[in-house]
Amino acid sequence: MESEQRLKRKRIYRPYSRAQFLSRRSLILCLSFFVFLMFLSSERFPIRTVSFHPVVSVPSLSILSKNSLQDSFHAKLRFPLSVEDRVLFPDHLLLLVSDKIDEAEKLDCVYHKVLNHKDVVRQRVLSVDEFDGFRSVVRCPLPPWNYSAAAGLMWRGHGVDYSLSLRSNRTVHSWDRLVYEAAFDGKTAVVFAKGLNLRPHKESDPNRFMCQFGLKNSDEEDEGFVVMTEAIVAAQEVVRCSLPSSIRNNRDLAQGIRVTVVLASRNDVEHVRMPSAVRFRNSRSYDHRRNQMRQKENIAVPSVAKLYNSKSYQTKRNDGKFELCACTMLWNQAPALREWIMYHTWLGVERWFIYDNNSDDGIQDVIEELDFQDYNVSRHTWPWIKTQEAGFSHCALRARNECKWVGFFDVDEFYYFPRHHRRGLPGQNLLRSLVANYSSSRTIAEIRTACHSFGPSGLSSPPLQGVTVGYTCRLQSPERHKSIVRPDLLNETLLNVVHHFQLKKGFRYLNVPESSIIINHYKYQVWETFRAKFFRRVATYVVDWQENQNQGSKDRAPGLGTEAIEPPNWRKQFCEVWDTGLRDFVLANLADPATGSLPWEKSLL
């Protein structure tokens with residue numbers, strides 16, 4: 001009896017012991033190989049090339065150095081970057097990548113022929129940027145004729161099969177219709193979408209929309225875990241929805257979750273309305289309801305937007321908010337930044353948010369230098385063309401926990417205090433002092449300032465001391481206005497017309513008299529600078545000047561057509577009043593007494 005039990009135990013445990021032995025041996029082999037790899041890449045152990053190339057006799061490391069061996073070894077270990085999403089713009093292809101990219105100069109965009117994936121073309125990337133703190137954006141040239149826009153990425157000199165970078169996702173989104181950004185805001189999510197065709201400058205009916213939260217890629221057939229909630233408000237390109245309770249209670253669970261907007265008719269929304277505003281797609285019954293809704297033409301907009309719980313955006317400053325901040329969106333205006341930031345910092349701006357709309361003029365170097373000099377400037381990559389209003393809404397959300405007031409104005413616009421200058425009063429921190437007078441107001445949430453538009457003032461080349469000193473002739477009457485707002489008192493739609501925001505009920509704006517404060521808008525500069533406006537406008541509802549529309553608009557230069565051709569006597573145009581007020585104000589307060597140079601000139605010495 002005992003012998004039979006022993007035989008049973010042997011039969012039972014012998015296979016297990018053998019498997020255990022094999023697993024241990026496999027583990028030891030893997031660890032040994034890993035140590036061998038570490039040995040190859042270690043700086044402590046010099047490797048002679050003759051040890052690895054017995055056919056070729058190399059007496060020293062002069063031809064193949066230790067560093068070159070390590071570089072080639074690490075290059076072989078590189079895998080193709082995984083492209084999460086692609087967006088096709090009119091002038092380039094945008095790739096969103098989950099990896100951080102350190103050596104952009106060694107990266108190629110790879111395109112395959114439409115009917116032959118083995119026929120591949122490689123082109124250098126246009127630019128690479130960090131994006132939203134968790135992803136990177138890579139800008140590629142448009143694909144060659146008859147090649148697919150489902151491009152991949154490959155390290156230059158890399159021999160790995162290109163098809164590996166296409167196995168996860170080949171979708172290419174059109175920019176005409178796309179959810180492109182999303183952000184947390186309290187118990188809600190603010191979603192930014194192109195192609196909703198909502199009326200400009202007005203609120204829209206939120207009952208037409210719902211938000212969909214889900215862990216899935218846009219090209220996957222399996223819907224995965226998906227939750228839908230109702231829209232609360234909608235305006236222009238912004239839809240605000242309530243957060244699902246699971247996300248609301250623990251945002252870390254939603255890190256990287258994809259969100260989109262679902263278009264639905266009002267009857268459909270009323271039919272599926274639920275008290276909790278939450279529905280789950282994790283059952284067959286819901287699949288059935290989903291198919292019914294699709295038959296009723298409820299359509300989810302394609303999305304590349306993901307929610308990230310970025311603590312840098314959400315956490316309030318421990319030492320209180322900045323009194324005054326500034327936000328702008330720009331494209332290729334790096335040369336103008338130093339003067340604009342240094343001058344307005346002297347007037348009291350404490351924090352800067354620069355939304356960069358695909359610049360390629362070295363703007364990052366300029367911002368890093370300013371930040372190194374303690375100007376508190378941050379650059380936010382905003383790759384979405386012609387979305388200035390949405391970008392300003394996004395900036396208002398971002399700045400709310402840091403700033404009491406935020407000014408939204410352009411890099412060619414400068415605040416000026418004529419009354420203080422005429423009376424010889426100190427000018428430093430004037431702008432911050434102005435807004436601080438209303439920080440505790442129970443009614444004022446926006447301060448509006450009129451703008452004077454300046455012309456080339458007889459110049460043919462950019463002024464050496466900056467626009468504030470060089471341009472001194474303007475039009476007689478002011479044009480429009482710009483605003484400084486209290487971001488915590490904005491309407492929940494975040495509706496804005498670039499120049500001003502819609503406020504919460506019970507609050508109003510204040511028009512400051514022109515005699516006290518004015519904005520010098522250096523709108524019509526020398527042709528060399530001005531002609532760039534023909535190629536890109538950042539505002540959503542402002543037509544690009546190459547298009548034959550709205551030629552009488554104030555957003556255009558009077559008399560100009562659709563081509564960037566310098567008109568006769570451009571340097572003498574837009575000159576009705578000679579106004580040297582701000583020039584004299586700047587020279588009196590900011591010029592070096594010994595040399596006469598201005599702060600923004602010193603880096604050029």
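Throughout, numbering of the chain's residues begins at 1 and tracks the sequence.
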### Query
Within the distance-only criterion (no hydrogens, no angle test), does the side chain of N376 pair as donor or acceptor with the backbone N or O of E350 below 3.5 angstrom?
yes
### Query
Do the ring planes of Y308 and F134 sit parallel (below 30°), tilted (30 to 60°) or perpendicular (above 60°)?
parallel
### Query
Taking the side chain from R156 and the backbone from D108, do they hold a donor-acceptor pair closer than 3.5 Å?
no
### Task
Could you tell me which non-hydrogen atom of A336 sits nearest to which non-hydrogen atom of V411, and how far apart they are?
CB-CG2, 4.2 Å
### Query
So D85 and L95, side-chain contact (heavy atoms from CB on, under 4.5 Å) or not? Walk me through it.
CA-CA 6 Å; D85 292 291; L95 309 184; over 6 Å; no
### Query
Any chance the side chains of S127 and R139 put a donor and an acceptor closer than 3.5 Å?
yes
### Query
Within a reach of under 6.0 Å around CZ of R177, are more than 12 heavy atoms found that belong to other residues, nucleotides or ligands?
yes
### Task
Give a yes or no on whether a salt bridge exists between K306 and D132, defined as a side-chain N under 4.0 angstrom from a carboxylate O.
no
### Message
For a quick test of reading the model, state the closest non-hydrogen atom pair linking Q236 to E389 and the distance between them.
### Response
NE2-CB, 3.9 Å
### Task
Answer with yes or no whether the side chains of T188 and R240 bring together a donor and an acceptor at under 3.5 Å.
yes
### Task
Begin from the C-alpha positions of E446 and R486 and carry the test salt bridge (Lys or Arg N to Asp or Glu O under 4.0 Å) through to its verdict.
CA-CA 6 Å; E446 179 180 8; R486 295 165 69 178; over 6 Å; no
#### Entry: Check: Y180 ring centroid to H173 ring centroid under 6.0 Å
no
### Query
Looking at CD1 of I232 and OG1 of T493, how far apart are the two atoms once the value is rounded to the nearest 0.5 Å?
12.0 Å
### Query
Does the side chain of V128 come within less than 4.5 Å of V137's, by heavy atoms?
no
### Message
Which label fits W382 and F192: parallel for a plane angle under 30°, tilted from 30 to 60°, or perpendicular past 60°?
### Response
perpendicular
### Message
On the six-membered ring of F184, is R251 placed so that its NZ or CZ lies under 6.0 angstrom from the centre and within 45° of the ring axis?
### Response
yes
### Query
When rounded to the nearest 0.5 angstrom, what distance separates CG in N491 from NZ in K504?
9.0 Å
### Message
Let me confirm one number: the CG-OG distance from L153 to S136, rounded to the nearest 0.5 Å.
### Response
10.0 Å
### Query
Are W352 and F322 near enough that their ring centres are under 6.0 Å apart?
no
### Message
Run the side-chain contact (heavy atoms from CB on, under 4.5 Å) test on Y415 and I484 for me, step by step, so that the C-alpha distance in whole Å, both residues' side-chain angles and the decisive distance to 0.1 Å come before the verdict.
### Response
CA-CA 11 Å; Y415 280 84; I484 304 175; 3.5 Å; yes
### Message
Please check: side-chain N/O of T260 versus main-chain N/O of V301, any donor-acceptor pairing under 3.5 Å?
### Response
yes
### Message
Tell me whether H394 contacts the main-chain N or O of A390 through its side chain, where contact means a donor paired with an acceptor under 3.5 Å.
### Response
no
### Query
What closest approach, in Å, do L142 and P90 show between heavy atoms, and which atom pair accounts for it?
CD1-O, 3.3 Å
### Task
Would you name the heavy atoms of A183 and L397 that are closest together and state the gap between them?
CB-CD1, 4.3 Å
### Query
Which is it for V190 and L494 under the side-chain contact (heavy atoms from CB on, under 4.5 Å) test, yes or no, and what are the steps along the way?
CA-CA 9 Å; V190 180; L494 300 175; 4.2 Å; yes
### Within the 6.0 Å centroid threshold, strictly below: F409 and F414
no
### Message
To the closest 0.5 Å, what do you measure between OH (Y355) and OG1 (T328)?
### Response
11.5 Å
### Query
With side chains defined as the heavy atoms from C-beta onward, is the minimum distance between V497 and Q502 less than 4.5 Å?
no
### Message
Given 3.5 Å as the limit, does a donor-acceptor pair link the side chain of N437 with the main chain of S433, or not?
### Response
yes
### Query
Which class fits the ring pair F392 and F408: parallel under 30°, tilted 30 to 60°, perpendicular over 60°?
tilted
### Message
Please determine whether a side-chain nitrogen of the Lys or Arg among E323 and R432 lies less than 4.0 Å from a carboxylate oxygen of the Asp or Glu.
### Response
no
### Query
When P141 is tested against each of V125, D91, L93, L126 for side-chain contact (heavy atoms from CB on, under 4.5 Å), which residue passes?
L126
### Message
Checking W405 against V485 for the side-chain contact (heavy atoms from CB on, under 4.5 Å) test, could you report, in this order, the C-alpha distance in whole Å, the side-chain angles of both residues, the deciding distance, and whether it holds?
### Response
CA-CA 5 Å; W405 292 87; V485 302; 5.5 Å; no
#### Entry: Carboxylate-amine/guanidinium contact K482 D410, below 4.0 Å
yes
### Evaluation steps, ring pair (Phe, Tyr, Trp, His ring centres under 6.0 Å), between F353 and H380
CA-CA 7 Å; F353 301 93; H380 182 84; 9.3 Å; no
### Task
Search all heavy atoms of W384 against all heavy atoms of L94 and return the closest pair with its distance.
CZ3-CD2, 3.7 Å
### Query
Do you know the tightest heavy-atom contact between A334 and G362?
CB-C, 4.4 Å
### Task
State plainly whether the residues R338 and E369 are in salt-bridge range, i.e. N to O under 4.0 Å.
yes
### Message
Check whether D99 reaches the backbone of L81 with its side chain - one donor and one acceptor, N or O, closer than 3.5 Å.
### Response
no
### Task
Any chance you could measure S359, atom OG, to D129, atom CG, to the nearest 0.5 Å?
9.0 Å
